[in-house]
Amino acid sequence: WTATYGVNDLTPTAVGTMSIIFSGILGDLQGAAELANTGLSLIPRVSPLQEPRILFVTHLFGILWTQSMAESLKPLLRSCELGLCIGVIESAFRAILVFLKYRFLTGFPVDLCIADLMYVPQMKEFNYVVAYHSGVLTLQAHLNLAVRTTTDHLLLTGDICKVEDHLAW
């Protein structure tokens with residue numbers, strides 16, 4: 001499409017998403033990052049409504065492999081901020097969930113991660129159920145780690161989410 005008709009609003013996201021092939025299938029991490037950076041370079045040529053999704057996709061699928069997780073936090077926050085400001089809620093929620101998971105993986109204290117996750121129920125109010133369920137599972141796992149009421153930290157126990165709740169979804 002792009003080769004025949006030129007850049008459209010979906011081109012940067014498509015180019016960024018193609019970086020999955022380079023990183024996951026071909027094992028070419030540098031090629032994935034280059035493709036993702038190409039997607040980022042196309043941002044000025046498309047609608048501003050596309051920027052949150054482009055930032056999210058390119059940093060998650062292409063650029064992450066050539067930098068530390070900590071370096072990916074800022075672009076994910078930017079994607080969330082832009083998405084919320086211009087009403088692209090889906091991209092904002094996806095970006096913030098990945099951001100929160102990265103914070104935990106990069107060594108932020110569990111209690112701070114729990115505090116960040118306490119607004120997850122708002123995702124349900126916006127009717128973004130996928131992000132809500134992912135957030136609830138993440139929050140309950142963090143609570144299990146913090147409270148240590150069980151030796152199996154993957155067992156969902158507590159007020160936020162129980163195994164039965166998850167199976168009901």
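In this text, all values refer to a predicted model and were calculated from it rather than measured experimentally.
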Can you name the closest pair of heavy atoms from G16 and V57 and give their distance? C-CG1, 3.7 Å
Any side-chain heavy atom of V46 sitting closer than 4.5 Å to one from T11? no
V88 with L10, same ILVMFWY side-chain cluster at under 4.5 Å: no
Is L40 close to L55 at the side-chain level, that is, under 4.5 Å between some pair of heavy atoms? yes
Backbone N or O of S47 within a donor-acceptor pair of the Q50 side chain at under 3.5 Å? no
Quick one: CH2 on W65 to CD1 on I20, what's the gap to the nearest 0.5 Å? 10.0 Å
Tell me, please, which residues at least two apart from F22 pass ring pair (Phe, Tyr, Trp, His ring centres under 6.0 Å). none
Here the gap from S23 atom OG to I63 atom CD1, rounded to the nearest 0.5 Å, amounts to 11.5 Å
Only one of L35, I54, T58 passes side chain to side chain contact (heavy atoms under 4.5 Å, CB included) with V15; say which it is. L35
Could you measure the distance from the CG atom of D9 to the CG atom of L42? Nearest 0.5 Å is fine. 11.0 Å
Rounded to the nearest 0.5 Å, what separates atom OG in S19 from atom CG in N37? 9.5 Å
Out of curiosity, does F56 fall in the hydrophobic cluster containing M18 (side-chain heavy atoms, cut-off under 4.5 Å, transitive links)? no
From OG (S79) to CG (L84), nearest 0.5 Å: 9.0 Å
In V98, I96, L100, the residue satisfying side chain to side chain contact (heavy atoms under 4.5 Å, CB included) with L76 is V98
Contact list for residues 89-115, test side-chain hydrogen bond (donor to acceptor under 3.5 Å, both in side chains), sequence neighbours left out: E90-R94, R94-Y128, K101-S134, R103-D116
Is it true that the side chains of T66 and Q30 contain a donor and an acceptor less than 3.5 Å apart? no
Side-chain heavy atoms under 4.5 angstrom apart, residues restricted to Ile, Leu, Val, Met, Phe, Trp, Tyr: same cluster for F108 and L105? yes
Are any non-hydrogen side-chain atoms of L82 and R78 less than 4.5 angstrom apart? yes
For residues L64 and S72, report the shortest heavy-atom separation together with the two atoms involved. CD1-OG, 3.6 Å
Taking a hydrophobic cluster as the set of Ile, Leu, Val, Met, Phe, Trp and Tyr residues connected by side-chain heavy atoms closer than 4.5 Å, whether directly or through intermediates, do L77 and L60 fall within one such cluster? yes
